[in-house]
Amino acid sequence: MRLNENDFRCNFQYGAIWEKLDVVPKKLKEASLKCFKKFELDFCAIDLIEKENNFYIIDVNSNLVTKKVSSLLNINICDLIVENIVRKI
């Protein structure tokens, strides 16, 4: 989860920080998977906002910041993408 106390935008260039969610709320996980499947993506990044204990998906990106995600989750996202491509060939 990216957070920015100084701006509504959560991009790094605007001062946002990343925070790993240890537990993803069930509703959020279900909504995210629904978007992922609807757009028939192999991988994606989903932007959302939280307001009054509700999550709202505002954007689905077919690209993501692999270096930051890899370091945050302690996995190599690029390796997973390549493995997925090879599996489909």
Side-chain angles (χ1 to χ4, degrees):
M1 175 180 284
R2 292 182 284 180
L3 307 168
N4 189 344
E5 294 180 5
N6 302 314
D7 197 298
F8 72 93
R9 295 168 287 193
C10 289
N11 304 71
F12 289 113
Q13 64 264 36
Y14 300 116
I17 59 169
W18 283 54
E19 178 182 292
K20 182 180 175 182
L21 292 176
D22 291 322
V23 177
V24 178
K26 184 178 179 181
K27 281 184 165 182
L28 176 56
K29 185 175 182 178
E30 289 171 351
S32 298
L33 288 171
K34 188 174 181 179
C35 285
F36 173 79
K37 291 175 183 176
K38 178 71 174 175
F39 291 107
E40 299 178 0
L41 299 168
D42 291 320
F43 64 92
C44 67
I46 297 176
D47 296 341
L48 53 95
I49 58 174
E50 181 181 11
K51 185 175 181 181
E52 299 173 0
N53 294 320
N54 290 308
F55 290 97
Y56 299 91
I57 294 174
I58 57 171
D59 194 12
V60 178
N61 302 289
S62 61
N63 60 353
L64 57 128
V65 184
T66 56
K67 185 175 181 180
K68 187 64 180 174
V69 172
S70 291
S71 66
L72 181 67
L73 300 177
N74 200 29
I75 58 174
N76 190 325
I77 297 292
C78 293
D79 283 350
L80 295 175
I81 292 169
V82 170
E83 288 172 15
N84 187 52
I85 292 168
V86 169
R87 189 174 46 251
K88 289 184 172 203
I89 295 177

Nearest 0.5 Å please: distance from the CG atom of Asn61 over to the CZ atom of Phe39. 10.5 Å
From Phe55 atom CZ to Lys27 atom NZ, the distance as rounded to the nearest 0.5 Å: 11.0 Å
Quick one: side-chain hydrogen bond (donor to acceptor under 3.5 Å, both in side chains) partners of Asn84, sequence neighbours excluded?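 Partners of Asn84 under the side-chain hydrogen bond (donor to acceptor under 3.5 Å, both in side chains) test: Arg87.
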Contacts of type side-chain hydrogen bond (donor to acceptor under 3.5 Å, both in side chains), residue Asn54, not counting sequence neighbours: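 With sequence neighbours excluded, Asn54 shows a side-chain hydrogen bond (donor to acceptor under 3.5 Å, both in side chains) to no residue whatsoever.
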Mind checking what makes side chain to side chain contact (heavy atoms under 4.5 Å, CB included) contact with Cys35, not counting sequence neighbours? Ile46, Ile57, Val60
Partners passing side chain to side chain contact (heavy atoms under 4.5 Å, CB included) against Leu80 (at least two apart in sequence or in another chain):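 So Leu80 forms a side chain to side chain contact (heavy atoms under 4.5 Å, CB included) with Ile75, Glu83.
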Minimum heavy-atom separation for [X] and [Y], please, with both atom names.
X	Y	result
Asn76	Asp79	OD1-N, 3.1 Å
Phe43	Ser62	CE1-O, 3.5 Å
Ile77	Ser70	N-OG, 2.9 Å

Partner set under salt bridge (Lys or Arg N to Asp or Glu O under 4.0 Å) for Asp42, not counting sequence neighbours: Lys88
If you link ILVMFWY side chains whenever their heavy atoms are less than 4.5 Å apart, which other residues fall into the same cluster as Val82? By chain and number, please.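 Members other than Val82 - counting any ILVMFWY side chain reachable under 4.5 Å - are Val86.
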